[in-house]
Amino acid sequence: MLCADVCPVKAISDSNPKDIDNSKCLRCGSCLRICPTQAKSFTEEPFKALQQKLAPLCGIRKENWYTIC
């Protein structure tokens, strides 16, 4: 149940840690790092879904809005 506690978007159910809402999951890896039994992993399908979700946002290069002096 440690994974449900550390999930920043609460994508992992508090009552059943096998129940994960993939539409909320950020793939941040917090659950992977804290799990003492390494019960969590990412599969190819969720990564493809994330790529499709981010493609419109990351497809065009944007210039920085700040300047470092």
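These numbers come from a predicted model, not from an experiment.
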Atom of [X], atom of [Y] and distance for their closest heavy-atom approach:
{"X": "L2", "Y": "P36", "result": "CD1-CD, 4.0 Å"}
{"X": "K24", "Y": "A11", "result": "CB-CB, 3.8 Å"}
{"X": "I12", "Y": "C3", "result": "CD1-O, 3.7 Å"}
{"X": "M1", "Y": "S15", "result": "CE-N, 4.2 Å"}
{"X": "S23", "Y": "K53", "result": "O-NZ, 3.2 Å"}

- prompt: Which residues satisfy the side-chain hydrogen bond (donor to acceptor under 3.5 Å, both in side chains) test with T37, sequence neighbours excluded?
  reply: none
field: Joint cluster assignment, L32 & I34, ILVMFWY side-chain distance < 4.5 Å
entry: no
task: List the steps and the verdict of side chain to side chain contact (heavy atoms under 4.5 Å, CB included) for R33 and V6.
output: CA-CA 10 Å; R33 286 187 293 278; V6 299; over 6 Å; no
message: Quick check for you: to the nearest 0.5 Å, what is the distance between D5 atom CG and S30 atom OG?
response: 12.0 Å
